[in-house]
Number of protein chains: 2
Amino acid sequence: MPRPRFDNLSPEKRERILETAAKAFAADGYEHASMNQILADAGISKGAAYYYFDNKADLYGATVNHYLQEFLGDVPWNFAQTTAVSFWPTLLQVYREQFSQFAERPWVFGLVKSGGPVAAEVLAEGPLAEMWQTLTTVLDDLIRRGRELGVVRDDLPEELLIALVMALDETHDRWLLAQLEDQNAATLDTAAERMVNLLQRLLAPA
Amino acid sequence: MPRPRFDNLSPEKRERILETAAKAFAADGYEHASMNQILADAGISKGAAYYYFDNKADLYGATVNHYLQEFLGDVPWNFAQTTAVSFWPTLLQVYREQFSQFAERPWVFGLVKSGGPVAAEVLAEGPLAEMWQTLTTVLDDLIRRGRELGVVRDDLPEELLIALVMALDETHDRWLLAQLEDQNAATLDTAAERMVNLLQRLLAPA
DNA sequence: ATCTGGTTAGACTGTTCGGTTAAACCATAC
DNA sequence: GTATGGTTTAACCGAACAGTCTAACCAGAT
């Protein structure tokens, strides 16, 4: 986590740093993104940066946490009250909201995925652990609840299912990102339906 | 492609170089694998290496081509004669053969995937282009034939389907790799069935 | 014995990486 | 005016990277 001082910075500067970092991480991934480049683009000196952040992972963690909060923040991730009937429609609603945000800030999508190829060591501890935990826990709850309701298959290890769901999601998002120019409200709506359909095919009981 | 001299090397040395490189690329991915480390592990000097290979991509290309040939070489990739009935069983047979090779040389699996995160620029041209072309063409033919037979959905862009299939395949293989110790002939057979089932779910017409 | 040329070793180059440090800057307090 | 201390700068560091270069090696020909 960044030093508390970071919060005392002017909102413009703070946002400029985080946004620059976010775009870089989204475009190049955590490992491949260059600290030097980010700081140069953000118009901040190296010393200043390390005055606020412990290291690269710290900056990444702050960036992800910042944007992930508004990205996943008010989504009805609470599947506890869903029924067998409402399970898929609820998921569809989640994707609809996600994809509507996609239209405004497409690069946030890349950011979420940027940590994928990061070494497990880096991910397991430090500031990245929190958001990684959050993400996997959400999926974990989703699948577990789906199983309780009998709408998610029980014949494959949960671990494998999670990995498959993430792969499908990431691939679809990446494809969507590549077709960025052609997207509008209607296409994004069908994209949400398409995504849920894919998950349904994958996860439905045998 | 490596210099022709490379073929004049003793088979032992040639194989030792390629195998060392393959394991490194499989373990760390193309970008993250260290040339210095590979050469040190292979017991070959830097000068000697660059006497046979133009650069890192060249070594990678040679490595992938070498192992991909025996990996995909004699598989019945010819789906031209398949029927609607035999389509999925044929695919199952392909996976059975693949996974039986998995038992012998698990690291070859990682090798095939190692190029994934490689920059598109590197992949598009140079020695890697050939194998990339081969791989996508195979999938292209598969999906196209499946559509002709009416066993593969027609409502999604082929480009997206290919990406999804690769993602599913890669994820499943990675999972299999992680469970390496627990695998035997029986589990690998069910793994093939599981994989085909996943593809069937994904690709079946609506 | 000497020469030749394919082969090899490994020191070296230039670049980029994440990260450190000493000095300077500058608003505030005295 | 001057001292203080939070902030900033840019030079600098060591490590790692892919790739180059020169000198040496050494089998076979002369």
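Convention: sequence-line order gives letters A, B, ...; per-chain numbering from 1. Because only heavy atoms are used, hydrogens play no part in the values below, and waters and symmetry mates are left out as well, while side chains stay in.
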### Candidates dT8(C), dG19(C), dT8(D) - which lies nearest the side chain of A48(B)
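Nearest to the side-chain atoms of A48(B), counting from C-beta on, is dT8(C).
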
Rounded off to whole Å, could you give me the [atom1]-to-[atom2] distance for the [X] and [N] pair?
| X | N | atom1 | atom2 | value |
| --- | --- | --- | --- | --- |
| L59(B) | dG19(D) | CG | P | 10 Å |
| K56(A) | dT16(C) | NZ | C1' | 11 Å |
| R3(A) | dT8(D) | CZ | C1' | 15 Å |
| H32(A) | dG18(C) | NE2 | P | 10 Å |
| F53(A) | dG19(C) | CZ | C1' | 15 Å |
| Q37(B) | dA16(D) | CD | P | 10 Å |
| N8(A) | dT8(D) | CG | P | 11 Å |
| M35(B) | dC17(D) | CE | P | 12 Å |

State whether [X] places a side-chain N or O below 4.0 Å from either non-bridging phosphate oxygen (OP1 or OP2) of [N].
| X | N | answer |
| --- | --- | --- |
| S45(B) | dT8(C) | no |
| Y51(A) | dT7(D) | yes |
| N55(A) | dG18(C) | no |
| Y52(B) | dT8(C) | yes |
| R5(A) | dG6(D) | no |
| Y50(A) | dG19(C) | yes |

### Message
Under the side-chain contact (heavy atoms from CB on, under 4.5 Å) test against F99(A), which residue among T187(A), T190(A), D189(A), L176(A) passes?
### Response
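Only one of T187(A), T190(A), D189(A), L176(A) forms a side-chain contact (heavy atoms from CB on, under 4.5 Å) with F99(A), namely L176(A).
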
### Message
Which residue is it: I143(B), L139(B), D155(B), L142(B)? I am looking for the one with a side-chain contact (heavy atoms from CB on, under 4.5 Å) to L161(B).
### Response
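Testing L161(B) for a side-chain contact (heavy atoms from CB on, under 4.5 Å) against I143(B), L139(B), D155(B), L142(B) leaves exactly one candidate, I143(B).
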
### Message
Within the 4.0 Å heavy-atom criterion, would you say A33(A) contacts the bases, only the backbone, or no part of the nucleic acid?
### Response
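The residue A33(A) makes sugar-phosphate contact but no base contact.
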
### Message
Atom NE2 of residue position H66(A) - does it have more than 12 heavy atoms of other residues, nucleotides or ligands inside 6.0 Å?
### Response
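Buried by this count: over 12 neighbours within 6.0 Å.
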
### Query
Are more than 12 heavy atoms from other residues, nucleotides or ligands located less than 6.0 Å from atom CD of E193(A)?
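Atom CD in E193(A) is packed in, count exceeds 12.
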
### Message
Would the base of dA18(D) count as contacting K46(B) through its side chain, where contact means a donor and an acceptor less than 3.5 Å apart?
### Response
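Counting by modelled atom types and ignoring angles, a donor-acceptor contact under 3.5 Å is found here.
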
### Task
Scan side-chain atoms only and decide if D169(A) and Y95(A) contain a donor-acceptor pair under the 3.5 Å cut-off.
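D169(A) vs Y95(A): donor-acceptor pair found between side chains.
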
### Query
Mapping S34(A) and D54(A) onto DNA chain C by nearest heavy atom, which one lands closer to the 5' end?
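Its nucleotide being nearer the 5' end, the pick is S34(A).
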
